[in-house]
Amino acid sequence: MKLYEFLLHWGKKKPDSLFYRGDDFTMTWGEALKEMEEEKEWMGSHMPASSLLAIYMHRNEKQLLYFLAAEYAGMVPVLFHEYLKEEEIGALMEERQIGAILSDSPLPSLQLQKEGNLYFWAGKASSPAAGFGVLTSGSSGLPKVLYRRDESWADFFPVQDRIFQVDEKSRLFFHGSLAFTGNLNMVMDFLSEGASLYGTNRLFPKAWMDRLQIEGITHIYMIPSKLSPLSKVKGKAGTVTHILTGSQLMTASLFRRLTGRFPAAKVILYYGASELSYISYIEGKDILQAPDSVGRPFPGVKVSIEKGEIMVDTPYGIEGISMPCTCHDLGRLDEKGNLHFLGRKEDMYHIQGNHVPRQKVLSSLLMTEGVEDAEVMAMKQENCDDRIIAFLAGPERETRDIVKNLSAHLKPWEIPSRFISLPAIPRTSTGKTDRKKLVEIAGG
């Protein structure tokens, strides 16, 4: 089933019901359907069919509707992050042979045409064998487009819905651009069930809590670094039944605050990859039991370990890859079949003749009481050993107390040799750790 067909179905079935509520607007299913059909007609008369269309929009509802309209018009849409530089977009247009681009703001260096409030370029048509694209970080630093069939997501939605308990009555609250694959996937899943969407681009956790209470939100989808400030504001939202999160590790302090703010909620932490979709998940207090565990594989997904690397066999991957596939993450399977994530090959430290997984050290730090956020990095010493440095956010604690807590989970050589307290872990616009700043702070 094509993704745009979900809006066709529900837009006709319940046109007056709430489809999407943003920071300053409300849209019904019928209004969304009408706008999608209008934009589909506009695209059909302005852009070549079968083109890979890059959509560079700032408002979430526009991202969603233009994405669906483009697919409806026979194009292959991909959402671009608003923080992409014009030279990066130009390089992607040239390297990926993007057939068209659509923007809600001028991009002078790309010489786009203007019609009304839209800026567009209709170039040479390209025909990727896919329904849509997603943007991900490339190994060279330049983002790249991964292609997907609609079925690679849509066929998995029933599995997600059983585990995340999504139905027509669900109400999803999320933050940030739909250019982030996790946001887009989750929104499309709720769209498939005819559920209501509540999006925000504003970083006001108190306002988030107010909306959760007023709107009767049932599901929250955010990465842990965004859940953390939300968990610190006053109030409770008893209607929230599920907190869905991934991409980062959960701290013990955050988990306990979330269960206090949302007493009826089940916390589900998932592990996945842009190339492979969802791989495994862990929920509830199990998150606290084994710091590096990412739980059991999702139904229909097979996981094995070869030479220390996590191998995944799934029918829900991107186009052009063979199964089983690895993203070169390291891991292990325990006797119960639970997957333990040990990081990437480049994140394996070498100390006193031992291999030390960065992920093991970081996971143990995050499960230390009082730690709000953490990061670790290693610097080479003269004897070629790595020296582990830990960066901690939260109330300052005596180093000896932290070391004592870590000793319960880590070998002596796995414990960081230096601890640096920070007000917050520096992050980039995508929410990832800003490692360059950490090097500067450490004096490297």
Side-chain angles (χ1 to χ4, degrees), residues 1-44 53 55 57 59-77 79 130-132 134 148-175 178 181-200 211-212 214-221 239-242 244 277-278 299-300 316:
M1 190 171 188
K2 294 290 185 180
L3 299 179
Y4 70 85
E5 292 182 275
F6 296 127
L7 181 49
L8 282 176
H9 171 75
W10 292 107
K12 294 174 182 176
K13 185 174 181 178
K14 52 176 190 178
D16 298 325
S17 297
L18 178 68
F19 168 68
Y20 195 107
R21 181 164 290 157
D23 293 316
D24 53 12
F25 77 98
T26 296
M27 179 178 288
T28 66
W29 282 91
E31 290 168 340
L33 175 58
K34 180 181 178 182
E35 184 165 342
M36 180 183 73
E37 290 178 330
E38 289 174 350
E39 300 307 339
K40 176 237 183 183
E41 294 301 318
W42 184 89
M43 290 180 184
L53 171 64
I55 301 171
M57 298 281 174
R59 293 177 65 100
N60 288 342
E61 82 280 6
K62 294 297 183 182
Q63 293 175 343
L64 177 57
L65 290 172
Y66 279 105
F67 183 96
L68 296 172
E71 195 183 52
Y72 195 8
M75 308 181 80
V76 181
L79 295 173
F132 65 98
V134 295
R148 281 190 167 276
R149 293 178 301 109
D150 292 74
E151 294 83 1
S152 72
W153 275 7
D155 287 357
F156 193 62
F157 288 162
V159 178
Q160 293 176 222
D161 295 339
R162 287 196 298 273
I163 294 171
F164 301 156
Q165 294 183 9
V166 181
D167 59 28
E168 188 179 345
K169 296 180 181 179
S170 298
R171 299 184 175 195
L172 173 69
F173 184 79
F174 70 97
H175 173 270
L178 296 184
T181 309
N183 276 347
L184 183 63
N185 176 278
M186 197 66 69
V187 163
M188 290 298 177
D189 179 21
F190 278 69
L191 179 72
S192 72
E193 286 292 324
S196 298
L197 306 171
Y198 297 78
T200 180
R211 286 188 66 185
L212 295 173
I214 293 169
E215 305 286 3
I217 299 299
T218 60
H219 292 68
I220 300 172
Y221 175 70
T239 61
V240 176
T241 59
H242 290 78
L244 312 173
S277 293
Y278 293 100
Y316 311 114

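- Scored by the ring-ring contact (aromatic ring centres under 6.0 Å, His included) test, Y66 finds no partners at all (sequence neighbours excluded).
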Practice task
Quick one: do L68 and L191 satisfy side chain to side chain contact (heavy atoms under 4.5 Å, CB included)? Show the steps, please.
Solution key: CA-CA 11 Å; L68 296 172; L191 179 72; 4.0 Å; yes

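- The shortest distance between side-chain heavy atoms of V187 and Y221 does not fall below 4.5 Å.
- The CG atom of L65 sits 13.5 Å away from the OH atom of Y72 when rounded to the nearest 0.5 Å.
- Among residue pairs with one or both ends in residues 11-31, those qualifying as salt bridge (charged side-chain N to carboxylate O under 4.0 Å, His left out) are K14-E168, R21-E215, D23-R202, D23-R211, D24-R59; sequence neighbours excluded.
- Of the candidates F164, F190, F173, H219 forms a ring-ring contact (aromatic ring centres under 6.0 Å, His included) with just one, namely F190.
- A distance of 11.5 Å separates CG of N183 from CE of M188, quoted to the nearest 0.5 Å.
- In terms of the salt bridge (charged side-chain N to carboxylate O under 4.0 Å, His left out) criterion, residue partners of K62 (sequence neighbours excluded) are, by chain and number, E35.
- The CE atom of M186 sits 10.5 Å away from atom CH2 of W153, with the distance rounded to the nearest 0.5 Å.
- The CD1 atom of I163 sits 10.5 Å away from the CG atom of L244 when rounded to the nearest 0.5 Å.
- The two atoms that bring V76 and A130 nearest to each other are CG2-O, 3.6 Å, heavy atoms only.
- Y20 meets the ring-ring contact (aromatic ring centres under 6.0 Å, His included) test with F25; sequence neighbours excluded.
- Rounding to the nearest 0.5 Å gives a distance of 6.0 Å between CG of L79 and CG of L184.
- Taking CD1 from I220 and NE2 from H175, the interatomic distance works out to 13.0 Å, rounded to the nearest 0.5 Å.
- In the model, R171 has no side-chain atom that pairs as donor or acceptor with a side-chain atom of T239 under 3.5 Å.
- Looking at residues two or more places apart in sequence or on another chain, you find no salt bridge (charged side-chain N to carboxylate O under 4.0 Å, His left out) involving D161.
- The shortest non-hydrogen separation linking E71 to G131 is OE2-O, 3.6 Å.
- With hydrogens and angles disregarded, no donor-acceptor distance shorter than 3.5 Å links the side chain of S170 to the backbone of A195.
- Side-chain N or O atoms of Q63 include one that pairs as donor or acceptor with a backbone N or O of L178 at under 3.5 Å.
- Partners of F19 under the ring-ring contact (aromatic ring centres under 6.0 Å, His included) rule, at least two apart in sequence or in another chain, are W29.
- When all heavy atoms of R148 and S277 are compared, the closest pair comes out as NH2-OG, 2.8 Å.
- Scanning for salt bridge (charged side-chain N to carboxylate O under 4.0 Å, His left out) contacts around E37 gives an empty result, with sequence neighbours left out.
- Contacts of E151 classified as side chain to side chain donor-acceptor pair (under 3.5 Å), with partners at least two apart in sequence or in another chain: R149.
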Could you pull out all donor-acceptor pairs under 3.5 Å where a side-chain atom in residues 3-11 meets a protein atom, sequence neighbours excluded?
unit_1 : atom_1 : unit_2 : atom_2 : d
E5     : OE1    : K2     : N      : 2.7
W10    : NE1    : S192   : O      : 3.1

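- For Q160, the side chain to side chain donor-acceptor pair (under 3.5 Å) partners two or more places apart in sequence, or in a different chain, are N185, D189.
- A search for salt bridge (charged side-chain N to carboxylate O under 4.0 Å, His left out) contacts involving K34 returns nothing, not counting sequence neighbours.
- When the ring-ring contact (aromatic ring centres under 6.0 Å, His included) test is applied to F156, the partners found at least two apart in sequence or on another chain are Y278, F298, Y316.
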